[in-house]
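Within every chain, numbering begins at 1; the chains are lettered A, B, ... in the order of the sequence lines, protein sequences first and strands thereafter. Please read these numbers as outputs of a predicted model, since none were measured by experiment.
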Amino acid sequence: MTWQPNRLEQERLEKARELEALGIELYPPHAERTHTCAQAIAAFEALETSDPEAAESIEVAVCGRIRRVNIKGKISFLHIEDESGRVQLMLRINDMDEKTYLLVRDKLIDMDDFVQAKGTMMRTRAGEVSVLVREFKLLAKSLSPLPVIKQRRLEDGTIVEYGEFSDIETRYRQRYADLAVNHDVREVFRKRSRTISALRAFMDSEGFLEVETPILQPIYGGAAARPFVTHHNQLDQDLYLRISFELYLKRLLVGGYDAVYEIGRDFRNEGVSYKHNPEFTQIEFYKAYIDYNGVMDLTERLLRYVVQQVTGGTVIEYQGHTVDFGPEWPRIRLRDAIRQHTGIDYMDYPDAASLEQAIRDIGDQVTPGQTWGKLVDHLLGKHVEPKLIQPTFVIDYPRDISPFAKRVSYDDFHVERFEFFIAGMEMGNAFTELNDPRDQEQRFLDMQRLYSSEDDEATPLDEDYLRAMRYT
RNA sequence: GGCCCCGUAGCUCAGUGGUAGAGCACCCGCCUUUUAAGCGGAGUGUCGUAGGUUCGAAUCCUACCGGGGUCACCA
């Protein structure tokens, strides 16, 4: 699609031509900056009471995007914004080159343009710390206006926005515009960055080795999910984008590392929703000589640490929920959790048909013919998961739905697996890993049969992985 | 993939068969301490696209395109 300038954009193109005709560079190569917007204000305020004269002689050069324009004839006020925040520029025709001032007054300089201003700090009569501008320079001409949001700060400090940019489609397709306009969105990415840093710091301090394993894989595995398929031209071979890191990380334990982790993307060719992204970031870690109790301890400390690093406390607000990572997380058995929330003890219903009937009896609709394991999953997902707001481990799953975990000690039916839930969503999954290569092979074969029977892509048997397991 | 909903100005939206509207933005004019500045002037549009019904369609019908929700699947 070629660009079809709308009326506003045509106006800006015309202004760009006028500026060029005046010999003004639209996108000059160099900028000067001595202070961020926030630093300029802070520098002034630090001296303002103790030495007002010194404060008003602070020379600054600030750069940013014009976010507010108020032209009053021979004096104009602009707000510019950089990552640190905003600062007001006060431009008076008497204080600067007149021709430059007229560029602003005659609106050849627009909202959204990037500019540089040099001058001294001051506080206006209305009380706003500002740059009294002596030199003013265009750094980049904006040809497409950003969506306009007007803000008003109420007396209690809350900011009311008028004319918000709220269309979800446009916001996601033009993330840059959303970020430029909606302040809180920037904080999301900052928090994400701090989260990843904290994850890494914690795992490193626990003696884990960070690794990267293949994303392009000849054979995918480690989870029940459909993959993306791609093709290597020179090898003339189809490759899969990984659906988990598991099998490669476990190979590294065979290789002799006691503890490894990876933070990265997984790709699953399945449904999309606010909970499910075709490419998502996760952390997986493996540690030798601990069982699922050890992993739960570690998980709990990890999350508590990350929340503290990112927020400074242990409490977060999410989707209307207040979640506290401070207290010890409850660990409840899946069977008890389902019994508690539905009254159904799945041990009373050994086959799919009877369990399905029991589920219908409590008023749920389920598609007929599902496996017993899927029905248990239904009970968990529909009745237990949404109620687990505070961090909670659900432990000891039926072997049927957890093929890669070792048996519990107390019966033959359950395995040492946990998932944990926060704010009504599943956030993680782990188990005491099966490492009997003979067992493992049988599981692969079972899975192969399951997938081909569901008419999906057959999962090829990962012989290399089995060889690795036999070395253990 | 099934079902439901949405698409009107740059942004947010109103308009359910009879001349396309509002606020802000944009444009023109005035204004040397403003801050949702103010005052005066001007409505800037492929009503998602293509057909159909009708004297007449933003409005009703069909298909398509784009998007959202939900179910199925999954984390």
Side-chain angles (χ1 to χ4, degrees), chain A residues 1 4-12 14-15 67-79 86-96 98 101 104-107 110-112 122-130 132 142-154 159-174 177-178 181-182 222-227 243-244 265-284 365-367 370 374 377-378 380-382 385 419-422 425-430 451 454 456:
Chain A
M1 267 295 267
Q4 306 255 322
N6 62 35
R7 193 179 50 81
L8 270 56
E9 291 169 332
Q10 282 166 16
E11 279 167 8
R12 292 212 175 176
E14 182 51 38
K15 290 175 180 181
R67 301 292 284 136
R68 177 174 167 269
V69 178
N70 181 12
I71 297 165
K72 292 173 53 63
K74 296 193 175 68
I75 184 169
S76 295
F77 299 90
L78 308 179
H79 276 181
R86 296 185 181 193
V87 69
Q88 175 166 271
L89 310 181
M90 182 165 101
L91 290 80
R92 280 193 304 210
I93 193 164
N94 292 354
D95 296 331
M96 53 190 294
E98 191 173 312
Y101 180 79
V104 173
R105 194 200 65 181
D106 298 340
K107 298 205 182 171
D110 283 296
M111 188 92 112
D112 308 319
M122 49 131 4
R123 187 181 287 275
T124 64
R125 205 172 287 168
E128 180 160 351
V129 178
S130 309
L132 180 57
S142 166
L143 297 179
S144 295
L146 287 168
V148 178
I149 292 187
K150 284 205 164 190
Q151 296 182 330
R152 178 167 62 165
R153 188 182 297 273
L154 300 179
I159 292 174
V160 183
E161 293 190 337
Y162 303 83
E164 55 182 352
F165 175 52
S166 60
D167 182 70
I168 301 290
E169 172 197 343
T170 316
R171 285 182 61 187
Y172 278 103
R173 286 183 175 241
Q174 300 185 27
D178 196 25
V181 159
N182 289 318
R226 267 165 293 191
I243 58 173
S244 84
R265 294 280 169 119
D266 266 336
F267 306 87
R268 297 189 182 177
N269 206 342
E270 290 173 347
V272 179
S273 75
Y274 81 96
K275 288 184 184 178
H276 297 90
N277 191 320
E279 50 174 308
F280 63 98
T281 301
Q282 66 166 359
I283 178 170
E284 278 192 34
Q365 296 191 330
V366 283
T367 39
Q370 294 199 80
K374 296 254 182 205
D377 218 42
H378 165 88
L380 172 62
K382 171 111 189 263
E385 183 168 343
E419 294 183 303
F420 68 99
F421 299 84
I422 300 169
M425 285 191 287
E426 193 225 312
M427 303 297 292
N429 176 27
Y451 266 70
E454 284 182 355
D456 275 320

S.K.: Taking pairing as Watson-Crick or G-U wobble with both contacts under 3.5 Å, can you name the mate of B/rG38, or confirm there isn't one?
M.R.: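 Base partner found: B/rC30.
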S.K.: Determine which nucleotide pairs with B/rC24, using a 3.5 Å limit on both distances of a Watson-Crick or G-U wobble pair.
M.R.: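 Partner of B/rC24: B/rG10.
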S.K.: Would you check if the side chain of A/E385 reaches a backbone N or O of A/E426 as a donor-acceptor pair within less than 3.5 Å?
M.R.: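 Yes, because the side chain of A/E385 sits within donor-acceptor range (under 3.5 Å) of the backbone of A/E426.
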S.K.: Report the distance from atom CD of A/E9 to atom P of B/rC11, rounded to the nearest whole Å.
M.R.: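 Between P of B/rC11 and CD of A/E9: 10 Å.
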S.K.: Please give the nucleotide sitting opposite B/rC60 as a Watson-Crick or G-U wobble pair, both distances under 3.5 Å, or none.
M.R.: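 The base-pairing partner of B/rC60, which may sit in any strand shown, is B/rG52.
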S.K.: Does A/I75 offer a backbone N or O that forms a donor-acceptor pair with the side chain of A/Y101 under 3.5 Å?
M.R.: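 Here the side-chain-to-backbone pair exists.
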S.K.: Would the distance check show the side chain of A/R268 and the main-chain N or O of A/I243 forming a donor-acceptor pair, the cut-off being under 3.5 Å?
M.R.: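 Confirmed, A/R268 side chain pairs with A/I243 backbone.
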S.K.: Between B/rG18 and B/rU59, how far apart are the P atoms? Round to whole Å, please.
M.R.: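 To the nearest whole Å, 11 Å.
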S.K.: Measuring from the side chain of A/R226 (C-beta onward, heavy atoms only), which nucleotide among B/rU33, B/rA37, B/rC73 has the closest atom?
M.R.: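 From the listed options, B/rC73 comes nearest.
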S.K.: Among the nucleotides B/rU35, B/rU33, B/rA75, which one has an atom lying closest to any side-chain atom of A/K72?
M.R.: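 Nucleotide nearest to A/K72's side chain: B/rU33.
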S.K.: Is it the case that B/rU34 (base atoms only) and A/Q88 (side chain only) share a donor and an acceptor within less than 3.5 Å, ignoring hydrogens and angles?
M.R.: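 Yes, a donor-acceptor pair under 3.5 Å.
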S.K.: What interatomic distance, in whole Å, is found between C1' of B/rC60 and the corresponding atom of B/rU53?
M.R.: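 One C1' to the other, the span is 8 Å.
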S.K.: Which nucleotide in the set B/rU33, B/rA75, B/rU34 lies at the smallest distance from any side-chain heavy atom of A/F280?
M.R.: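 Looking only at heavy atoms from C-beta outward on A/F280, the closest nucleotide is B/rA75.
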S.K.: Which residue, A/I75 or A/V69, contacts RNA chain B at a nucleotide closer to its 5' end, judged by nearest heavy atom?
M.R.: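 Of the two residues, A/I75 wins.
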S.K.: Should A/F280 and A/R265 be marked as a side-chain contact (heavy atoms from CB on, under 4.5 Å) after you check the CA-CA gap, both sets of side-chain angles, and the distance that decides it?
M.R.: CA-CA 5 Å; A/F280 63 98; A/R265 294 280 169 119; over 6 Å; no
S.K.: If I pick the P atom on B/rU70 and the same atom on B/rA20, what distance separates them, to the nearest angstrom?
M.R.: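 After rounding to an integer number of Å, I get 39 Å for this pair.
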S.K.: Between atom CZ in A/R265 and atom P in B/rA75, what is the gap in whole Å?
M.R.: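 From A/R265 CZ to B/rA75 P: 19 Å.
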S.K.: May I ask which nucleotide in the shown strands pairs with B/rC3, Watson-Crick or G-U wobble, both distances under 3.5 Å?
M.R.: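 Result: B/rG69.
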S.K.: When you compare the side chains of A/R12 and A/S144, does any donor N or O come within less than 3.5 Å of an acceptor on the partner?
M.R.: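 There is no such pair (donor and acceptor under 3.5 Å, judged by atom type) between the side chains of A/R12 and A/S144.
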S.K.: Taking the minimum atom-to-atom distance to the side chain of A/R68, which one of B/rU34, B/rU33, B/rC26 wins?
M.R.: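 For the A/R68 side chain, the nearest candidate turns out to be B/rU34.
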S.K.: May I have the distance from A/L380 (atom CG) to B/rC74 (atom C1'), rounded to whole angstrom?
M.R.: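 Between C1' of B/rC74 and CG of A/L380: 13 Å.
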S.K.: Would you mind reading off the distance between A/Q10 atom CD and B/rC26 atom P, rounded to a whole angstrom?
M.R.: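 Going from A/Q10 (CD) to B/rC26 (P), I get 17 Å.
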S.K.: Tell me if a side-chain donor or acceptor on A/K74 pairs with a main-chain N or O of A/R92 at a distance below 3.5 Å.
M.R.: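 Side chain of A/K74 to backbone of A/R92: no pair is present.
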S.K.: Whole angstroms only, please: what is the CG-C1' distance between A/L91 and B/rU33?
M.R.: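 After rounding, the gap between these two atoms is 13 Å.
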S.K.: Taking the C1' atom in each of B/rA36 and B/rG23, what is the distance between them to the nearest angstrom?
M.R.: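 Straight-line distance between the two C1' atoms is 11 Å.
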S.K.: Of all the choices, B/rU33, B/rU32, B/rG10, which nucleotide is nearest to the side chain of A/T124 once you look at every atom?
M.R.: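 Looking only at side-chain atoms, A/T124 lies closest to B/rU33.
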S.K.: When you compare B/rC6 with B/rG48, how far apart are their P atoms, in angstrom units rounded to a whole number?
M.R.: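 The answer is 12 Å between these two P atoms.
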S.K.: Taking donor-acceptor contacts at under 3.5 Å, does the side chain of A/N70 reach the base of B/rU35?
M.R.: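 Checked by distance alone, the answer is no.
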S.K.: Please determine whether a side-chain nitrogen or oxygen atom of A/K374 lies at a distance below 4.0 Å from atom OP1 or OP2 of B/rC74.
M.R.: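 Checking B/rC74 against A/K374, a side-chain N or O does come within under 4.0 Å of OP1 or OP2.
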S.K.: Which heavy atom of A/T124 sits nearest a heavy atom of A/S130, and at what distance?
M.R.: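 Result for this residue pair: CG2-OG, 3.3 Å.
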S.K.: Say we look at B/rC55 and B/rU46: how far apart would their C1' atoms be, to the nearest angstrom?
M.R.: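 Their C1' atoms lie roughly 24 Å apart.
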S.K.: Determine, stepwise, if the pair A/R105 / A/E98 fulfils side-chain contact (heavy atoms from CB on, under 4.5 Å).
M.R.: CA-CA 10 Å; A/R105 194 200 65 181; A/E98 191 173 312; over 6 Å; no
S.K.: Specify the separation, in whole Å, of atom NZ of A/K382 and atom P of B/rC71.
M.R.: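 These atoms are roughly 10 Å apart.
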S.K.: Report the base-pairing partner of B/rU19 (Watson-Crick or G-U wobble, both distances below 3.5 angstrom), or none.
M.R.: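 Partner of B/rU19: none.
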S.K.: Applying a 4.0 Å non-hydrogen cut-off, can you work out what A/E426 is touching in the nucleic acid: base, sugar-phosphate, or nothing?
M.R.: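 It contacts sugar-phosphate atoms only.
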S.K.: Closest-nucleotide mapping onto RNA chain B: is A/K74 or A/H378 further toward the 5' terminus? I mean the 5' end.
M.R.: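 Per heavy-atom nearest nucleotide, the more 5' residue is A/K74.
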S.K.: Rounding to an integer number of angstrom, what distance separates B/rU49 and B/rC11 when you compare their P atoms?
M.R.: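 Pairwise P distance, B/rU49 against B/rC11, rounds to 15 Å.
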S.K.: If we take the C1' atom in both B/rA14 and B/rU32, what is their distance in whole Å?
M.R.: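 Nearest-Å result for B/rA14 against B/rU32 at atom C1': 41 Å.
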S.K.: Can you tell me if the side-chain N/O atoms of A/R67 get under 4.0 Å from OP1 or OP2 in B/rU35?
M.R.: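 The answer is no; no side-chain N or O of A/R67 sits under 4.0 Å from OP1 or OP2.
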S.K.: Think A/K15 has a side-chain N or O under 4.0 angstrom from the OP1 or OP2 of B/rC27?
M.R.: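 A/K15 to B/rC27 OP1/OP2: side-chain N or O found under 4.0 Å.
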S.K.: Figure out the CG/C1' separation between A/N269 and B/rA75, and round it to whole Å.
M.R.: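 Rounded to the whole Å, the gap is 15 Å.
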S.K.: Have a look at A/N94 and say if it touches a base, only the backbone sugar-phosphate, or nothing, with a 4.0 Å heavy-atom cut-off.
M.R.: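 Base: the residue A/N94, judged by heavy atoms under 4.0 Å, touches a nucleobase.
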S.K.: B/rU44 C1' sits how many Å from A/E11 CD, rounded?
M.R.: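 In whole Å, B/rU44 C1' and A/E11 CD are 8 Å from each other.
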